[in-house]
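Below is one structure, written out as C-alpha cells, with a few remarks after it.
Chain identifiers are assigned alphabetically (A, B, ...) following the order of the sequence lines, protein sequences preceding nucleic acid strands; residue numbering begins at 1 within each chain.
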Amino acid sequence: MDDKKILAILTKNEESGSKDFIRQIIEEDIRNKKHNGEVHTRFPPEPNGFLHIGHAKAICLNYGIAVQYGGKFNLRFDDTNPIKEETKYVDAILEDMKWLGTNWEDRLFHASDYFPILFDYAVKLIEKGKAYVDDLSAEEIREYRGTLTQPGKNSPFRDRYIEENLDLFMRMKKGEFAEGEKTLRAKIDMAHPNMNMRDPVMYRIMFKTHHRTGDEWCIYPTYDFTHGESDSIEGITHSLCSLEFENHRPLYNWFLEELEIFHPQQIEFARLNLSYTVMSKRKLIMLVEEGYVNGWDDPRMPTISGLRRRGYTPESIWDFLDRIGMAKSDNLVDYALLEHCIREELNKTANRYMAVLKPLKVIIDNYPEEKTEELEAINNPEDESAGTRKVPFSKELYIEQDDFMEDPPKKFYRLAPGREVRLRYAYFLKCSSVVKDEKGNVVELRCTYDPETKGGSAPDGRKVKATLHWVSAKHALDAEVRLYDKLFVNENPNDASEGRDFRSNINPHSLEILTKSKLEPALTRVKPGERIQFERKGYFCCDTDSTKERPVFNRTVTLKDDWLKIQRAMKKD
RNA sequence: UGGGUCGUCGCCAAGUGGCAAGGCACAGGGUUUUGGUCCCUGCAUUCGGAGGUUCGAAUCCUCCCGACCCAGCCA
C-alpha cells in the first residue's frame, strides 16, 4: 500500500460520487488561501488499545486528505493518562498504521512531548486569572458542577489570588500534595449551558509512571487541556475528529484564544458503526479479556490486526471506507459492503486452488489402480499472467460432502446416484453406488469416469449441470481450516434485552474449526499471510499458526452463493 | 425540562430553489469447466410530519415529531 494506490482508490470513487463535506470545506479553504493554502492533518490515537476499523475511518480521512491535497500528516500519540497507556499498544498502532499505508515521515509525536509547554500554558492562564487551583474533591466537583438542566455553583477556591494559585500549582508539580487533593481548573462559567465550560479540570495529580516520561511528572494535563494545544503546536490546519467532540470545540477554542496561539479548525464527522460487531474500545477489551475471542488479532475482531489476519487487505479497507462516505448522521453500515470490497479485490488477485473442506471419499471403479495423471489448471481466470499449474488425479478422490445428495431436490444439480457431473479440469464422473456405515451415513461413493472427457468436455457434446472441485486422496495435504462467521447475532449487538448487555448477543457459532480438510499439493508453497481462493468455497488466508506439517487457513469470506439462496427459499416453501 | 448535532430507498450517501446521483443489499434474465466472476433489467411521483413563501421546495420560513452526544480529576 502506497500513496499512489491510495490516490487511485480515492479518485476512482470520486469520479462516480461527489466530495464529502469535509473535503468541500478544505477545498474552499485552499481556494481562499487560508493557512497559505496549505493542509496539515493528523491522527491522534491514545495508546490504550488496538486500532479498529472505526479508527481506520479517521486515519484514511486524515491521511487521504494529506495525500490528495499535497499536505502533511502527523501521527501523534495522545498519551496524557499514564494509568491506561502502554508501550505494547504503541507498537501495535505503529504496525497497523504502516500496514494501512500511512507515512508520517519524521513527524511522529507524543502529547507527552508537550508536557513542558503545556505546563507553561497553564501558568500563563493562571497569570491571566483564567485558571485556579481547586481543593475540592472529585465528588465535590461533581456536586458543584450542577446538572444538564441546573447551573453549577462556584468553588469556594475559585477566587484565590493569582500568586497563591501560582504557588500552589508549583507545589502540585513538586509533589507536595496527594493524588486527588488538588486540581487546576479553567475559570470559565459554572452556569454555562455547555457542561464542558463549567470550569473543566486542566491538571490532576497522579503519582504514576508514564510510559515515556517515567516519573518526571506527578501532575498530568487532561485530554481537554492537551488536545487542542497539541494540534496548535503542530500547526494542524484541520483537526478532524468524531462527533462527540463537537461539545468540546468551544472549550478548545477558549483555550486557544486565551493562550493566543495558532488556531486549527476543528471539523467533526460521524464515527463508523458496522453491523454485527462492536466498535468501542471498552467492549473490545472485554471480548479479549473475558476470552470471547483469542486476542486482539482474532480474525473475528473488527481490529486492523484482526482484519489483517482474517485476510483483508489495506486496499479493501481503504476502498470500503471511501465508499461509505463521510457525513454527520448516525450510521450502521452493512457488513456486506466490507465483504463486497474484499471479494472484489481478491477476485482479481487471488490464485485459485482446490480444497475439500469436508471430505467424502470417491472411488473410481474403472480408473487404473496405480495411475496418476497431471492435469493442467488455471491459477486465476481473471488474470492470465498468473499462469497454470498441474493437479494430480488418481483412482481415489475426495469431494465435498455438500456436493452429493442421495435424494436430491429438483434444484440440486450436483452429484447424486446415477447422475453425471464434471470434475474440474479432469473428467466427467458418474455415481454408480453409495457405501454407508452401520448408522446409514454415506461414507463413500463408487463412481465411474468417462476417459473420453479428459479436460472436462465431452466429444459427443453432452452437457453436465455441475462442476465439482476435488482432491486426489493419495496426494492430498491435511490441513486445518477455520471457518469464521459474524461475532454477533444481532445487526446491532448493543440492542440487548432488558438487563443484559452486548455479550448476550455473541454468536456461539462464530468459529468452526475443520481438522480433516484435504488440499491439493500445490498448496505446500503457500506461506502465512498469503490470500487464495478455494474454488467454489471462498477466499482464505494462510494463518500464522501454520506449520510445515500442518497448514492452517482462515476463511476471509465465502463466495457469493446462489445455491444457499435457493435452499433458503425452498425452506420457506 | 439546558446545550450541541442529526433525520433523503432495507444499509450507506449525493443533492445547497428548477423538477430525486451512485454504491451495497435485494429481485429477475443472459454468458460461464467456480450455483463465483462478468453482462443486462428492475428497485424513492418522493426527501421525519404538518402548515406556509414561490410559477416552481428535499433545498427558504414556522411549528411539531424522532434519534444521538454532554453531568470522568477518561480520551
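A sub-4.0 Å separation between OP1 or OP2 of B/C68 and a side-chain N or O of A/Lys328 is absent. Note on A/Ser329: every side-chain N or O is 4.0 Å or more away from OP1 and OP2 of B/C68. Not one side-chain nitrogen or oxygen of A/Lys537 sits closer than 4.0 Å to the OP1 or OP2 atom of B/G36. A close approach under 4.0 Å does occur between a side-chain nitrogen or oxygen of A/His340 and OP1 or OP2 of B/C24. Neither OP1 nor OP2 of B/G36 sits under 4.0 Å from any side-chain N or O of A/Arg343. Between A/Arg352 and the phosphate of B/U37, there is no side-chain N or O to OP1/OP2 separation shorter than 4.0 Å. For A/Arg204 and B/C74, the shortest distance from a side-chain N or O to OP1 or OP2 is below 4.0 Å. The shortest distance between the side-chain N/O atoms of A/Lys182 and the OP1/OP2 oxygens of B/C73 is not below 4.0 Å. Between A/Arg424 and B/G36 there is no side-chain polar atom (N or O) within less than 4.0 angstrom of OP1 or OP2.
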Pairwise N/O distances under 3.5 Å, protein to nucleotides 15-17 of chain B:
| unit_1 | atom_1 | unit_2 | atom_2 | d |
| --- | --- | --- | --- | --- |
| B/G15 | OP1 | A/Gln24 | NE2 | 2.8 |

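Across all strands shown, the partner of B/G42 is B/C26, judged by Watson-Crick or G-U wobble contacts whose two distances both fall under 3.5 Å. If you check B/A57 for Watson-Crick or wobble pairing at under 3.5 angstrom, you find it has no partner at all. The base-pairing partner of B/G7, taking Watson-Crick or G-U wobble contacts with both distances under 3.5 Å, is B/C65. Shown here, B/C47 forms no base pair; nothing in the strands shown gives a Watson-Crick or G-U wobble contact with both key distances under 3.5 Å.
Listed by first and then second residue, the salt bridge (charged side-chain N to carboxylate O under 4.0 Å, His left out) pairs that reach into residues 139-148 of chain A come to none, sequence neighbours excluded.
Closest contact between the side chain of A/Lys565 and the listed nucleotides B/A27, B/G3, B/A75 involves B/A27. Among B/G36, B/C6, B/C73, the nucleotide with an atom closest to any side-chain atom of A/Leu559 is B/G36. When distances run from any side-chain atom of A/Glu244 to the nucleotides B/G10, B/A71, B/A75, the shortest one goes to B/A75. The side chain of A/Trp563 approaches B/G35 more closely than any other nucleotide in the set B/A67, B/A25, B/G35. The side chain of A/Phe412 has B/G35 as its nearest neighbour among B/G35, B/A75, B/G36. Comparing B/A27, B/A71, B/A67 against the side chain of A/Asp330 picks out B/A67 as the nearest. Of the candidate nucleotides B/C74, B/A75, B/A13, B/A75 has the atom lying nearest to any side-chain atom of A/Phe245. Across B/G36, B/G3, B/A13, the shortest atom-to-atom separation from the side chain of A/Asn194 is found for B/G3. Between B/U5, B/G35, B/G23, one nucleotide has an atom nearer to the side chain of A/Arg323 than all others, and that is B/G23. Nearest to the side chain of A/Thr149, among B/A75, B/G2, B/G4, sits B/G2.
Tested against A/Asp403, the residues A/Arg424, A/Arg414, A/Lys358 include a single salt bridge (charged side-chain N to carboxylate O under 4.0 Å, His left out) partner, A/Arg414.
For the C1' atoms, the distance from B/G22 to B/U54 is 31 Å, rounded to whole Å. For B/C65 and B/G48, the C1' atoms lie 7 Å apart once the distance is rounded to whole Å. Atom name C1', nucleotides B/C43 and B/U34: the rounded distance is 29 Å, in whole Å. Only the P atoms considered, B/U45 is 11 Å distant from B/C9, to the nearest whole Å. Comparing B/A13 with B/G7, their C1' atoms are spaced 13 Å from each other, to the whole Å. Here the separation of B/A71 from B/G4, taken at their C1' atoms, is 14 Å to the nearest Å.
For the pair A/His52 (side chain) and A/Met279 (backbone), a donor-acceptor distance under 3.5 Å is present. Using modelled atom types, no side-chain atom of A/Asn74 and backbone atom of A/Phe109 make a donor-acceptor pair closer than 3.5 Å. Of the possible polar contacts, none joining the A/Glu400 side chain to the A/His469 backbone as a donor-acceptor pair under 3.5 Å is found. The backbone N or O of A/Arg271 sits less than 3.5 Å from a side-chain atom of A/Asn331, completing a donor-acceptor pair. Listed for the A/Asp319 side chain is no donor-acceptor partner under 3.5 Å among the backbone atoms of A/Glu315.
Taking A/Glu452 as the reference, nothing meets the salt bridge (charged side-chain N to carboxylate O under 4.0 Å, His left out) condition, with sequence neighbours excluded.
Judged by closest nucleotide on RNA chain B, A/Glu491 is the one of A/Leu423 and A/Glu491 placed further toward the 5' end.
Look at B/G72: its glycosidic torsion is within 90° of 0, and that puts it in the syn range.
A/Asp403 has its CG atom 8 Å from the P atom of B/G35, to the nearest Å. Atom-to-atom, CG of A/Asp562 to P of B/G36 comes out at 4 Å; the value is rounded to the nearest Å. Put simply, CD1 on A/Ile566 is 9 Å from P on B/G36, counting in whole angstrom units. Regarding A/Trp254, its CH2 atom lies at a distance of 20 Å from the P atom of B/G4, rounded to whole Å.
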